[in-house]
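See below for the structure under consideration.
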Amino acid sequence: MRNLSLQQAGKAIAALSARGVHFTYVPDMPDPNHGETSRMNLFQSVTNALDISLEKDPTAVVFGEDVAFGGVFRCTVGLRDKYGANRVFNSPLSEQGIVGFGIGMAMAGSTAIAEIQFADYIFPAFDQIRNEAAMFRYRTGNIFDCGSLTVRAPCGAVGHGGHYHSQSVEAFFAHCPGVKVVIPRGPTQAKGLLLSCIRDPNPCVFLESKILYRAAVEDVPSGDYQLPLSKADILLEGGDVTLIGWGTQVHVLREVAEMAQGKFGVSCELIDLATILPWDRDTVLSSAAKTGRVLISHEAPVTMGFAAELAATIQSECFLNLEAPIERVCGYDTPFPYVYESFYMPDKWRCLEAVRKLVNY
(Lines give C-alpha, C1' and ligand atoms only; values in the text may rest on other atoms or scores of the structure.)
Protein backbone atom coordinates (compact mmCIF):
# COMPACT_ATOMS: atom_id res chain seq x y z
CA MET A 1 0.00 0.00 0.00
CA ARG A 2 2.90 2.35 0.71
CA ASN A 3 4.05 2.09 -2.91
CA LEU A 4 0.82 3.66 -4.13
CA SER A 5 0.25 7.38 -4.43
CA LEU A 6 -1.93 8.92 -1.73
CA GLN A 7 -4.84 9.29 -4.15
CA GLN A 8 -4.48 5.72 -5.42
CA ALA A 9 -4.32 4.37 -1.87
CA GLY A 10 -7.47 6.24 -0.87
CA LYS A 11 -9.38 4.87 -3.87
CA ALA A 12 -8.09 1.37 -3.19
CA ILE A 13 -9.21 1.45 0.43
CA ALA A 14 -12.64 2.78 -0.56
CA ALA A 15 -13.03 -0.07 -3.06
CA LEU A 16 -11.86 -2.66 -0.54
CA SER A 17 -14.23 -1.32 2.07
CA ALA A 18 -17.15 -1.53 -0.34
CA ARG A 19 -16.29 -5.12 -1.28
CA GLY A 20 -15.41 -6.31 2.19
CA VAL A 21 -18.40 -5.22 4.29
CA HIS A 22 -19.46 -8.32 6.20
CA PHE A 23 -22.08 -6.77 8.49
CA THR A 24 -25.17 -4.58 8.45
CA TYR A 25 -24.49 -1.20 10.01
CA VAL A 26 -27.13 0.11 12.42
CA PRO A 27 -26.54 3.79 13.26
CA ASP A 28 -26.71 5.18 16.78
CA MET A 29 -29.64 7.48 17.39
CA PRO A 30 -28.62 11.11 18.08
CA ASP A 31 -28.69 12.29 21.68
CA PRO A 32 -30.98 15.35 21.87
CA ASN A 33 -28.84 16.69 24.73
CA HIS A 34 -25.98 17.20 22.25
CA GLY A 35 -27.90 19.69 20.08
CA GLU A 36 -27.91 20.00 16.30
CA THR A 37 -26.53 17.22 14.13
CA SER A 38 -24.80 16.84 10.79
CA ARG A 39 -24.70 13.78 8.55
CA MET A 40 -21.20 12.29 8.79
CA ASN A 41 -19.42 9.05 8.16
CA LEU A 42 -16.75 7.91 10.59
CA PHE A 43 -13.72 9.52 8.95
CA GLN A 44 -15.60 12.83 8.73
CA SER A 45 -16.47 12.65 12.42
CA VAL A 46 -12.78 12.11 13.20
CA THR A 47 -11.91 15.14 11.06
CA ASN A 48 -14.55 17.14 12.90
CA ALA A 49 -13.11 16.16 16.30
CA LEU A 50 -9.61 17.15 15.19
CA ASP A 51 -10.96 20.44 13.84
CA ILE A 52 -12.59 21.24 17.19
CA SER A 53 -9.41 20.35 19.07
CA LEU A 54 -7.25 22.56 16.88
CA GLU A 55 -9.73 25.43 17.10
CA LYS A 56 -10.18 25.37 20.87
CA ASP A 57 -6.65 24.43 21.94
CA PRO A 58 -3.92 26.67 20.51
CA THR A 59 -1.27 24.17 21.63
CA ALA A 60 -2.81 21.28 19.66
CA VAL A 61 -0.88 19.86 16.71
CA VAL A 62 -1.71 17.04 14.28
CA PHE A 63 1.07 15.16 12.50
CA GLY A 64 1.92 11.88 10.80
CA GLU A 65 2.62 10.42 7.39
CA ASP A 66 0.71 12.37 4.70
CA VAL A 67 -1.67 14.08 7.15
CA ALA A 68 -0.97 17.49 5.60
CA PHE A 69 -2.50 16.15 2.37
CA GLY A 70 -5.52 14.65 4.13
CA GLY A 71 -4.12 11.20 4.85
CA VAL A 72 -4.80 7.91 3.11
CA PHE A 73 -8.22 7.71 4.74
CA ARG A 74 -8.94 11.47 4.35
CA CYS A 75 -9.25 12.03 8.12
CA THR A 76 -7.27 15.29 8.05
CA VAL A 77 -8.64 16.85 4.86
CA GLY A 78 -8.56 20.66 4.95
CA LEU A 79 -6.94 21.00 8.36
CA ARG A 80 -3.56 22.23 7.13
CA ASP A 81 -5.24 24.90 4.99
CA LYS A 82 -7.30 26.03 7.97
CA TYR A 83 -4.66 25.95 10.71
CA GLY A 84 -1.37 26.20 8.87
CA ALA A 85 1.66 24.02 8.29
CA ASN A 86 3.00 24.64 11.79
CA ARG A 87 0.06 22.86 13.38
CA VAL A 88 -0.86 20.19 10.79
CA PHE A 89 2.19 18.70 9.12
CA ASN A 90 3.74 15.60 7.60
CA SER A 91 6.29 13.51 9.43
CA PRO A 92 9.10 11.32 8.15
CA LEU A 93 8.22 7.70 7.36
CA SER A 94 9.16 6.60 10.88
CA GLU A 95 6.56 5.40 13.36
CA GLN A 96 9.06 5.37 16.19
CA GLY A 97 9.94 8.95 15.33
CA ILE A 98 6.30 10.01 15.13
CA VAL A 99 5.46 8.77 18.62
CA GLY A 100 8.78 9.88 20.10
CA PHE A 101 8.20 13.36 18.70
CA GLY A 102 4.67 13.33 20.11
CA ILE A 103 5.93 12.37 23.56
CA GLY A 104 8.38 15.24 23.48
CA MET A 105 5.73 17.73 22.42
CA ALA A 106 3.32 16.52 25.10
CA MET A 107 6.03 16.76 27.77
CA ALA A 108 6.71 20.34 26.66
CA GLY A 109 3.06 21.34 27.10
CA SER A 110 1.49 20.83 23.68
CA THR A 111 -1.50 18.67 22.87
CA ALA A 112 0.03 16.14 20.48
CA ILE A 113 -2.23 14.13 18.13
CA ALA A 114 -0.14 11.63 16.17
CA GLU A 115 -1.40 9.47 13.34
CA ILE A 116 0.08 6.08 12.49
CA GLN A 117 -1.05 5.44 8.92
CA PHE A 118 -1.93 1.76 9.56
CA ALA A 119 -2.05 0.02 12.93
CA ASP A 120 -0.06 -2.79 11.32
CA TYR A 121 2.94 -0.42 11.28
CA ILE A 122 2.65 0.74 14.87
CA PHE A 123 5.10 -1.87 16.14
CA PRO A 124 8.28 0.16 15.48
CA ALA A 125 6.70 2.70 17.85
CA PHE A 126 5.83 0.11 20.47
CA ASP A 127 8.94 0.82 22.52
CA GLN A 128 8.10 4.54 22.63
CA ILE A 129 4.50 3.85 23.68
CA ARG A 130 5.30 1.10 26.19
CA ASN A 131 8.58 2.22 27.74
CA GLU A 132 8.23 5.99 27.48
CA ALA A 133 4.64 7.25 27.11
CA ALA A 134 3.05 4.70 29.45
CA MET A 135 5.76 4.96 32.11
CA PHE A 136 6.74 8.60 32.10
CA ARG A 137 4.37 9.81 34.82
CA TYR A 138 5.26 6.88 37.09
CA ARG A 139 9.02 7.05 36.69
CA THR A 140 9.11 10.78 37.41
CA GLY A 141 6.92 10.47 40.49
CA ASN A 142 4.19 12.50 38.74
CA ILE A 143 6.51 15.48 38.36
CA PHE A 144 6.34 15.17 34.57
CA ASP A 145 3.93 13.43 32.22
CA CYS A 146 3.01 13.14 28.54
CA GLY A 147 -0.71 12.78 29.13
CA SER A 148 -1.66 15.15 26.34
CA LEU A 149 -0.56 12.61 23.71
CA THR A 150 -3.09 10.75 21.56
CA VAL A 151 -1.97 8.20 18.98
CA ARG A 152 -4.55 7.45 16.28
CA ALA A 153 -4.31 4.40 14.01
CA PRO A 154 -6.68 2.67 11.54
CA CYS A 155 -7.07 -1.04 12.31
CA GLY A 156 -8.99 -4.15 11.36
CA ALA A 157 -10.09 -5.92 8.23
CA VAL A 158 -11.27 -4.18 5.07
CA GLY A 159 -11.80 -7.20 2.82
CA HIS A 160 -8.64 -8.43 1.08
CA GLY A 161 -6.29 -6.18 3.07
CA GLY A 162 -3.98 -9.06 3.84
CA HIS A 163 -1.45 -9.53 6.60
CA TYR A 164 -0.02 -6.00 6.49
CA HIS A 165 -3.27 -4.01 6.34
CA SER A 166 -5.90 -5.91 8.35
CA GLN A 167 -4.50 -6.51 11.82
CA SER A 168 -6.19 -5.72 15.12
CA VAL A 169 -3.57 -4.71 17.68
CA GLU A 170 -5.53 -3.73 20.78
CA ALA A 171 -4.34 -6.64 22.95
CA PHE A 172 -0.69 -5.57 22.67
CA PHE A 173 -1.45 -2.21 24.27
CA ALA A 174 -3.87 -3.66 26.85
CA HIS A 175 -0.74 -4.95 28.61
CA CYS A 176 0.62 -1.41 29.07
CA PRO A 177 -0.53 0.20 32.35
CA GLY A 178 -0.43 3.97 31.93
CA VAL A 179 -2.02 4.04 28.46
CA LYS A 180 -5.72 4.12 27.62
CA VAL A 181 -6.91 2.12 24.60
CA VAL A 182 -10.17 3.02 22.83
CA ILE A 183 -12.02 1.60 19.78
CA PRO A 184 -15.25 3.32 18.62
CA ARG A 185 -18.11 1.55 16.84
CA GLY A 186 -19.41 4.49 14.78
CA PRO A 187 -19.21 8.20 13.94
CA THR A 188 -21.02 9.65 16.97
CA GLN A 189 -19.01 7.56 19.35
CA ALA A 190 -15.77 8.21 17.46
CA LYS A 191 -16.07 11.97 17.75
CA GLY A 192 -17.03 11.99 21.43
CA LEU A 193 -14.45 9.42 22.47
CA LEU A 194 -11.66 11.01 20.42
CA LEU A 195 -12.28 14.39 22.03
CA SER A 196 -12.20 12.67 25.43
CA CYS A 197 -8.91 10.97 24.58
CA ILE A 198 -7.32 14.20 23.38
CA ARG A 199 -8.32 15.95 26.62
CA ASP A 200 -7.61 13.05 28.97
CA PRO A 201 -4.62 13.51 31.32
CA ASN A 202 -3.19 10.16 30.20
CA PRO A 203 -1.68 9.08 26.86
CA CYS A 204 -4.25 7.31 24.69
CA VAL A 205 -4.14 4.90 21.78
CA PHE A 206 -7.24 5.47 19.63
CA LEU A 207 -7.89 2.68 17.12
CA GLU A 208 -10.32 3.26 14.25
CA SER A 209 -11.84 0.29 12.38
CA LYS A 210 -10.99 1.28 8.84
CA ILE A 211 -13.90 -0.57 7.22
CA LEU A 212 -16.22 1.70 9.22
CA TYR A 213 -14.69 4.91 7.81
CA ARG A 214 -17.23 4.93 4.96
CA ALA A 215 -19.63 2.14 5.91
CA ALA A 216 -20.73 3.88 9.12
CA VAL A 217 -22.92 6.99 8.65
CA GLU A 218 -24.88 8.77 11.37
CA ASP A 219 -26.42 12.07 12.40
CA VAL A 220 -23.50 13.27 14.52
CA PRO A 221 -23.80 16.19 16.96
CA SER A 222 -22.23 19.23 15.29
CA GLY A 223 -20.85 20.84 18.44
CA ASP A 224 -18.20 20.00 20.98
CA TYR A 225 -19.09 17.01 23.16
CA GLN A 226 -17.30 14.21 24.96
CA LEU A 227 -18.25 10.66 25.81
CA PRO A 228 -16.90 8.96 28.93
CA LEU A 229 -13.94 6.63 28.61
CA SER A 230 -14.00 3.23 30.34
CA LYS A 231 -17.77 3.05 29.98
CA ALA A 232 -19.24 0.13 28.05
CA ASP A 233 -22.57 0.54 26.25
CA ILE A 234 -25.42 -1.95 26.49
CA LEU A 235 -26.88 -1.75 22.98
CA LEU A 236 -29.45 -4.53 23.38
CA GLU A 237 -30.89 -5.91 26.61
CA GLY A 238 -31.51 -9.62 26.98
CA GLY A 239 -31.65 -12.42 29.50
CA ASP A 240 -30.12 -15.53 27.91
CA VAL A 241 -26.68 -14.75 26.49
CA THR A 242 -24.25 -11.84 26.83
CA LEU A 243 -22.48 -10.85 23.59
CA ILE A 244 -19.35 -8.67 23.96
CA GLY A 245 -17.46 -6.96 21.15
CA TRP A 246 -15.92 -3.67 20.05
CA GLY A 247 -15.39 -1.78 16.83
CA THR A 248 -16.65 -3.58 13.73
CA GLN A 249 -17.51 -6.74 15.63
CA VAL A 250 -20.27 -4.93 17.52
CA HIS A 251 -22.26 -4.75 14.28
CA VAL A 252 -21.65 -8.42 13.52
CA LEU A 253 -22.91 -9.34 16.99
CA ARG A 254 -26.01 -7.18 16.57
CA GLU A 255 -26.98 -9.36 13.60
CA VAL A 256 -26.18 -12.45 15.64
CA ALA A 257 -28.55 -11.27 18.38
CA GLU A 258 -31.36 -10.84 15.84
CA MET A 259 -30.68 -14.24 14.29
CA ALA A 260 -30.52 -15.96 17.69
CA GLN A 261 -33.90 -14.50 18.61
CA GLY A 262 -35.45 -15.52 15.32
CA LYS A 263 -33.95 -19.00 14.98
CA PHE A 264 -33.63 -20.15 18.59
CA GLY A 265 -35.85 -17.81 20.59
CA VAL A 266 -32.73 -16.75 22.49
CA SER A 267 -32.60 -13.28 24.04
CA CYS A 268 -29.12 -11.74 23.76
CA GLU A 269 -27.65 -8.79 25.62
CA LEU A 270 -25.15 -6.90 23.45
CA ILE A 271 -22.29 -4.95 25.01
CA ASP A 272 -19.90 -2.64 23.18
CA LEU A 273 -16.79 -2.51 25.37
CA ALA A 274 -15.52 0.67 23.57
CA THR A 275 -12.60 1.20 25.98
CA ILE A 276 -10.19 -1.73 26.08
CA LEU A 277 -8.00 -0.27 28.82
CA PRO A 278 -9.16 0.35 31.48
CA TRP A 279 -12.33 -1.59 30.66
CA ASP A 280 -15.74 -1.39 32.28
CA ARG A 281 -15.74 -4.39 34.62
CA ASP A 282 -19.00 -3.50 36.35
CA THR A 283 -21.16 -3.51 33.21
CA VAL A 284 -19.64 -6.72 31.86
CA LEU A 285 -19.77 -8.65 35.15
CA SER A 286 -23.32 -7.54 35.90
CA SER A 287 -24.50 -8.77 32.50
CA ALA A 288 -22.59 -12.06 32.79
CA ALA A 289 -24.11 -12.72 36.21
CA LYS A 290 -27.58 -12.00 34.82
CA THR A 291 -27.44 -14.21 31.71
CA GLY A 292 -25.01 -16.91 32.86
CA ARG A 293 -23.74 -17.35 29.29
CA VAL A 294 -21.10 -15.21 27.57
CA LEU A 295 -19.73 -14.95 24.03
CA ILE A 296 -16.79 -12.62 23.29
CA SER A 297 -15.73 -11.89 19.72
CA HIS A 298 -12.90 -9.94 18.12
CA GLU A 299 -10.92 -10.03 14.86
CA ALA A 300 -7.49 -10.46 16.48
CA PRO A 301 -6.03 -13.98 16.96
CA VAL A 302 -7.68 -15.96 19.74
CA THR A 303 -4.53 -16.78 21.74
CA MET A 304 -3.82 -13.94 24.20
CA GLY A 305 -6.45 -11.78 22.51
CA PHE A 306 -8.30 -9.41 24.81
CA ALA A 307 -11.20 -11.85 24.99
CA ALA A 308 -8.93 -14.04 27.12
CA GLU A 309 -8.66 -11.30 29.78
CA LEU A 310 -12.42 -10.77 29.76
CA ALA A 311 -13.07 -14.51 30.02
CA ALA A 312 -10.62 -14.94 32.89
CA THR A 313 -12.16 -12.07 34.86
CA ILE A 314 -15.73 -13.21 34.22
CA GLN A 315 -14.84 -16.76 35.27
CA SER A 316 -13.20 -15.50 38.45
CA GLU A 317 -15.99 -13.11 39.46
CA CYS A 318 -19.10 -14.86 38.11
CA PHE A 319 -18.21 -18.54 38.39
CA LEU A 320 -21.31 -19.53 40.37
CA ASN A 321 -23.56 -17.66 37.93
CA LEU A 322 -22.27 -19.30 34.75
CA GLU A 323 -24.41 -21.91 33.01
CA ALA A 324 -21.85 -22.77 30.32
CA PRO A 325 -18.16 -22.26 29.54
CA ILE A 326 -17.40 -18.84 28.05
CA GLU A 327 -17.17 -18.89 24.25
CA ARG A 328 -14.53 -16.94 22.31
CA VAL A 329 -15.09 -16.43 18.57
CA CYS A 330 -12.02 -14.69 17.19
CA GLY A 331 -9.44 -14.71 14.45
CA TYR A 332 -7.17 -17.72 14.12
CA ASP A 333 -3.56 -18.03 15.25
CA THR A 334 -2.14 -17.32 11.81
CA PRO A 335 -1.00 -14.21 9.98
CA PHE A 336 -4.03 -12.42 8.58
CA PRO A 337 -4.65 -14.21 5.27
CA TYR A 338 -5.21 -12.50 1.95
CA VAL A 339 -7.35 -14.79 -0.22
CA TYR A 340 -8.77 -16.70 2.78
CA GLU A 341 -9.95 -13.69 4.74
CA SER A 342 -13.59 -14.79 4.65
CA PHE A 343 -12.62 -18.00 6.45
CA TYR A 344 -10.55 -16.12 9.03
CA MET A 345 -13.13 -13.56 10.07
CA PRO A 346 -15.34 -14.21 13.11
CA ASP A 347 -18.50 -13.78 11.06
CA LYS A 348 -22.12 -14.02 12.16
CA TRP A 349 -22.34 -17.72 11.34
CA ARG A 350 -19.43 -18.68 13.58
CA CYS A 351 -20.86 -16.49 16.33
CA LEU A 352 -24.36 -17.90 15.93
CA GLU A 353 -23.00 -21.44 16.26
CA ALA A 354 -21.29 -20.36 19.51
CA VAL A 355 -24.64 -19.04 20.81
CA ARG A 356 -26.22 -22.39 19.97
CA LYS A 357 -23.49 -24.21 21.92
CA LEU A 358 -23.99 -21.91 24.90
CA VAL A 359 -27.73 -22.44 25.20
CA ASN A 360 -27.49 -26.20 24.57
CA TYR A 361 -24.62 -26.88 26.97
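Heads up: numbering here begins at 1 and tracks the sequence.
The cluster map of Ile, Leu, Val, Met, Phe, Trp and Tyr, joined by side-chain heavy atoms under 4.5 Å apart, puts L212 and V26 in different clusters. When the side chains of ILVMFWY residues are joined at heavy-atom separations under 4.5 Å, either directly or via intervening members, V284 and L270 end up in two distinct hydrophobic clusters. If you chain together hydrophobic residues whose side chains sit under 4.5 Å apart, V158 and F343 never meet in one group. Connection of V151 to F136 is established within a shared hydrophobic cluster, with ILVMFWY side chains joined at heavy-atom distances below 4.5 Å, either directly or through further cluster members.
Between the side chain of E255 and the main chain of T24, a donor-acceptor pair closer than 3.5 Å is present. Distance alone, capped at 3.5 Å, is enough to place a donor-acceptor pair between the T275 side chain and the S230 backbone. Although no hydrogens or angles enter the test, the distance criterion places no donor-acceptor pair under 3.5 Å between the side chain of S267 and the main chain of D240. A donor-acceptor contact shorter than 3.5 Å is absent between the side chain of T111 and the backbone of S148. Put simply, the side chain of S91 never gets that close to the backbone of I98: no donor and acceptor are under 3.5 Å apart. The backbone N or O of D219 sits nowhere less than 3.5 Å from a side-chain atom of T37 that would complete a donor-acceptor pair. Listed for the D120 side chain is a donor-acceptor partner under 3.5 Å among the backbone atoms of S166. Of the possible donor and acceptor atoms, none in the side chain of R137 sits under 3.5 Å from a partner among the backbone N and O of G147. A donor-acceptor contact shorter than 3.5 Å is absent between the side chain of D233 and the backbone of D272. Side-chain atoms of K210 come within 3.5 Å of backbone atoms of G156 as a donor-acceptor pair (strictly under, hydrogens ignored).
Remark: E132 CD to M107 CE distance equals 8.5 Å, nearest 0.5 Å. For the atom pair N321 CG and I314 CD1, the distance stands at 11.0 Å (nearest 0.5 Å). Rounding to the nearest 0.5 Å places CG of L295 at 11.0 Å from CZ of R328. Taken to the nearest 0.5 Å, the CZ atom of F206 stands 9.0 Å off from the OG1 atom of T150. Rounding to the nearest 0.5 Å gives a distance of 3.5 Å between OG of S297 and CD of Q249.
Nearest approach of T188 to E218, heavy atoms of both residues: OG1-OE1, 2.7 Å. What you find for A174 and I276 is that their closest heavy atoms are CB-CG2, 4.0 Å. The two atoms that bring S45 and P187 nearest to each other are OG-O, 3.1 Å, heavy atoms only. The minimum heavy-atom distance linking A68 with N90 is given by the pair N-OD1, 2.8 Å. Nearest heavy-atom pair across I198 and S53 is CD1-OG, 3.3 Å. Across every non-hydrogen atom of Y344 and P337, the tightest pair is CD1-CD, 3.4 Å.
Side-chain contact between Y83 and V62 is absent, with no heavy-atom pair separated by less than 4.5 Å. The shortest side-chain heavy-atom distance between L310 and V294 does not fall under the 4.5 Å cut-off. Contact check for K357 versus R293: no side-chain heavy atoms found under the 4.5 Å cut-off. Looking only at side-chain heavy atoms (C-beta outward), M345 and E299 come within less than 4.5 Å of each other. N33 places none of its side-chain heavy atoms less than 4.5 Å from the side chain of Y225. Considering only heavy atoms from C-beta on, V355 comes within 4.5 Å of L243 through its side chain. Counting only heavy atoms from C-beta outward, the side chains of L253 and C351 approach each other to under 4.5 Å. Between T59 and M105 there is no side-chain heavy-atom pair separated by less than 4.5 Å.
A salt bridge (charged side-chain N to carboxylate O under 4.0 Å, His left out) with D51 holds for exactly one of K191, K56, K82; it is K82.
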- Any chance you could lay out the side chain to side chain contact (heavy atoms under 4.5 Å, CB included) test for R214 and F43, step after step, and finish with the verdict? CA-CA 7 Å; R214 290 171 172 80; F43 88 75; 4.2 Å; yes

- Query: So S222 and S38, side chain to side chain donor-acceptor pair (under 3.5 Å) or not? Walk me through it.
  - Reply: CA-CA 6 Å; S222 304; S38 300; 2.8 Å; yes

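In the displayed structure, F172 atom CZ is contacted under 6.0 Å by at most 12 heavy atoms of other residues, nucleotides or ligands. In the displayed structure, F89 atom CZ is contacted under 6.0 Å by more than 12 heavy atoms of other residues, nucleotides or ligands. Residue N86 places its CG atom among 12 or fewer non-hydrogen atoms of other residues, nucleotides or ligands, all under 6.0 Å distant.
For the pair R350 and Y332, the distance from NZ or CZ to the six-membered ring centre is under 6.0 Å and the angle to the ring normal is within 45 degrees.
Note: F173 and F126 meet the aromatic proximity criterion, with ring centroids under 6.0 Å apart.
A salt bridge does not link D57 to R199: none of the charged side-chain nitrogens sits closer than 4.0 Å to a carboxylate oxygen.
A donor and an acceptor atom, one from each side chain of T291 and E269, are nowhere located under 3.5 Å apart. For D333 and T303, the side-chain atoms include at least one donor-acceptor pair closer than 3.5 Å.
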